[in-house]
**Q** 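This structure is in structure tokens; I'll ask about it shortly.
Quick note on labels: first sequence line is chain A, next is B, and so on, each numbered from 1. Hydrogens, waters and symmetry mates play no part in the numbers below; they use all other heavy atoms, side chains included.
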2 protein chains.
Amino acid sequence: MTPDKISLLIADDHPLFRAGVKQTIEKLEPAEIYEAEDGDKALQIIREIEPDVAVIDLRMPGKTGLEILSELYNSGVTTKIILLTMHKNVNYFYKAISVGAKGYLLKETAVHDLIEAVKIVYHGGTFISSRLKALIKSEKSDEVQNKLLIDSVNSLTSAERQIMKLLSEWKTNCEIADILFNSTRTIENHRANISDKLNLHGAHSLIQFAIENRELF
Amino acid sequence: MTPDKISLLIADDHPLFRAGVKQTIEKLEPAEIYEAEDGDKALQIIREIEPDVAVIDLRMPGKTGLEILSELYNSGVTTKIILLTMHKNVNYFYKAISVGAKGYLLKETAVHDLIEAVKIVYHGGTFISSRLKALIKSEKSDEVQNKLLIDSVNSLTSAERQIMKLLSEWKTNCEIADILFNSTRTIENHRANISDKLNLHGAHSLIQFAIENRELF
DNA sequence: GTTGGAATGAGTAGTACTACTCAATTTGGG
DNA sequence: CCCAAATTGAGTAGTACTACTCATTCCAAC
């Protein structure tokens with residue numbers, strides 16, 4: 001089917017998982033396979049070798065998959081990137097798409113889907129886990145809502161982003177104020193503005209969002 | 001080295017990861033390999049087939065690895081169980097050991113370590129990721145402290161456990177009170193007792209512990 | 001059949017965060 | 001240079017949780 005060997009990067013910090021992906025691909029498709037165990041090495045290999053396709057884990061030591069996508073977006077690199085993650089968080093999916101991901105696969109996905117995704121993306125298409133598609137449709141949060149939510153997250157200022165990062169580490173307002181050399185009142189005001197932008201209300205809704213979506217900040 | 005084929009169960013909800021483990025073992029060691037994609041199937045296979053060794057993920061749909069260990073503890077089943085998880089949480093490790101795990105491996109572990117662990121455990125020994133051993137030693141929380149902490153967690157009453165479960169789902173005191181048909185004051189008192197047992201103090205320390213150690217409840 | 005743990009509930013005081021409004025200063029881009 | 005956005009800070013009121021103390025009921029084990 002595919003006349004030439006596909007060159008492929010597998011980036012994941014779990015050696016056993018990389019072995020699974022590698023052997024699955026090799027068994028069914030001739031391919032030149034590169035491996036990376038952290039985000040920095042993955043980025044380096046993509047820039048130096050420009051493989052046809054890269055299958056990248058979202059959460060890795062060093063740079064996350066989303067950070068790699070952001071850095072390569074509009075950089076002229078032709079490598080097509082598929083995110084492969086265990087996170088069913090739809091916000092991560094919308095973020096990935098918004099920074100140029102060509103595919104989004106859940107780790108719970110069947111072996112067959114990975115081959116399919118690599119082929120399709122290699123030929124210029126896009127691939128999304130059917131399980132995730134179902135989630136997007138079924139969930140109470142409808143599609144438009146979530147796209148808007150990602151736009152809101154992207155609209156956060158750097159001070160606001162900083163606070164979300166610290167919140168995702170369970171820091172209190174007091175601690176954040178100390179770290180940023182600000183008054184507690186300032187942090188409180190930033191929090192209020194963030195909650196406003198993200199349409200969050202109630203007790204610990206903001207810290208919950210920060211922790212459940214920490215890769216977005 | 002090993003005269004007879006080892007029979008081995010691999011339980012993990014990620015097909016690609018199972019493929020990695022399976023092929024890694026098969027390449028280097030003759031083995032009869034079974035697979036399970038969730039906790040219930042894993043438990044069923046262990047009870048029916050009693051494989052020599054079972055490599056089980058901590059977090060799975062259905063029963064978790066820790067729940068499987070608890071159910072099999074003192075049940076007479078001879079299968080030796082190795083937990084294989086990405087969680088570096090030392091509390092999970094101490095809990096696993098306290099319910100009879102023979103090995104505790106991090107997913108970031110080298111391929112070689114898995115083979116080693118299976119062999120050692122098969123022959124009656126125990127195996128712990130060197131990375132985790134390092135963590136246990138280095139961390140500010142010393143070994144004795146953490147063992148005591150697990151004893152404290154195990155000493156929680158059923159009402160207290162229930163509250164920790166609900167807290168790990170970000171429920172507020174108000175919501176928990178409604179769910180359990182209690183007064184908010186009762187929940188507050190239970191929370192105080194739990195914080196006392198676990199030696200937790202300050203703002204959101206209890207909900208943080210509940211979320212970061214949810215598999216313990 | 002009493003004793004101790006568990007579960008239930010309350011009083012009171014203090015801290016942390018939310019939910020509004022308002023305002024001064026700083027800074028980057030047209 | 002100027003304007004809009006970002007950053008910084010505060011007033012006030014209310015809610016959620018912490019940190020103690022204390023009391024009642026229930027149940028199971030000795």
**Q** Once you measure the plane-to-plane angle for B:Phe17 and A:Phe17, does it fall in the parallel (<30°), tilted (30-60°) or perpendicular (>60°) bin?
**A**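 Taking A:Phe17 first and then B:Phe17, their aromatic rings lie parallel (interplane angle under 30°).
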
**Q** Nearest 0.5 angstrom please: A:Leu84 CG to A:Thr109 OG1, how far?
**A**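 OG1 of A:Thr109 is found 8.0 Å from CG of A:Leu84.
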
**Q** Could you measure the distance from the OG1 atom of A:Thr79 to the CD1 atom of A:Ile46? Nearest 0.5 Å is fine.
**A** 5.5 Å

**Q** Is the shortest side-chain heavy-atom distance between B:Val118 and B:Phe127 below 4.5 Å?
**A**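 With C-beta onward as the side chain, the pair stays apart.
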
**Q** Nearest whole angstrom, please: distance from the C1' of D:dT8 to the CD1 of A:Ile176.
**A**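 Going from A:Ile176 (CD1) to D:dT8 (C1'), I get 16 Å.
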
**Q** Between C:dG5 atom P and B:Leu156 atom CG, what is the distance in whole Å?
**A**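 Between P of C:dG5 and CG of B:Leu156: 16 Å.
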
**Q** Tell me, for nucleotides 9-25 of chain C in 5' to 3' order, what letter each nucleotide earns: B for a base near a protein heavy atom under 4.0 Å, S for only sugar-phosphate near one, - for neither?
**A** BBBB----SBS-B----

**Q** Expressed in angstrom and rounded to an integer, what is the separation of B:Leu180 atom CG from C:dA6 atom P?
**A**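 The distance from CG of B:Leu180 to P of C:dA6 comes to 17 Å, rounded to the nearest Å.
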
**Q** Send over the distance from A:Ile187 CD1 to D:dA10 P, rounded to a whole Å.
**A**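 Distance check: A:Ile187 CD1 to D:dA10 P gives 12 Å.
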
**Q** Any chance you could list the contact pattern along nucleotides 24-30 of chain D? Use B for base contacts, S for sugar-phosphate-only contacts and - for none, protein heavy atoms under 4.0 Å, 5' to 3'.
**A** -------

**Q** Would you say that more than 12 heavy atoms from the other residues, nucleotides or ligands in this model lie under 6.0 Å from the NZ of B:Lys197, or not?
**A**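 Enclosed.
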
**Q** Indicate whether any N or O donor in one side chain lies under 3.5 Å from an N or O acceptor in the other, for A:Asn182 and A:Thr186.
**A**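 Note: A:Asn182 and A:Thr186 side chains miss the donor-acceptor criterion.
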
**Q** Could you state the atom-to-atom distance from CD1 of B:Ile194 to C1' of C:dT8 in whole Å?
**A**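 For the pair B:Ile194 CD1 and C:dT8 C1', the rounded distance is 14 Å.
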
**Q** Is a side-chain N or O of B:Glu50 found less than 3.5 angstrom from the main chain of B:Thr78, in a donor-acceptor match?
**A** yes

**Q** Look at B:Thr157 and C:dA7 and indicate whether a side-chain polar atom (N or O) is within less than 4.0 Å of OP1 or OP2.
**A**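 Affirmative; the distance criterion is met.
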
**Q** Just how far, in rounded Å, is P of D:dG9 from CG of A:Asn193?
**A** 14 Å

**Q** Checking the side chain of A:Asp57 only, and the main-chain atoms of A:Ala11 only, is there a donor and an acceptor separated by less than 3.5 Å?
**A**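 Here the side-chain-to-backbone pair does not exist.
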
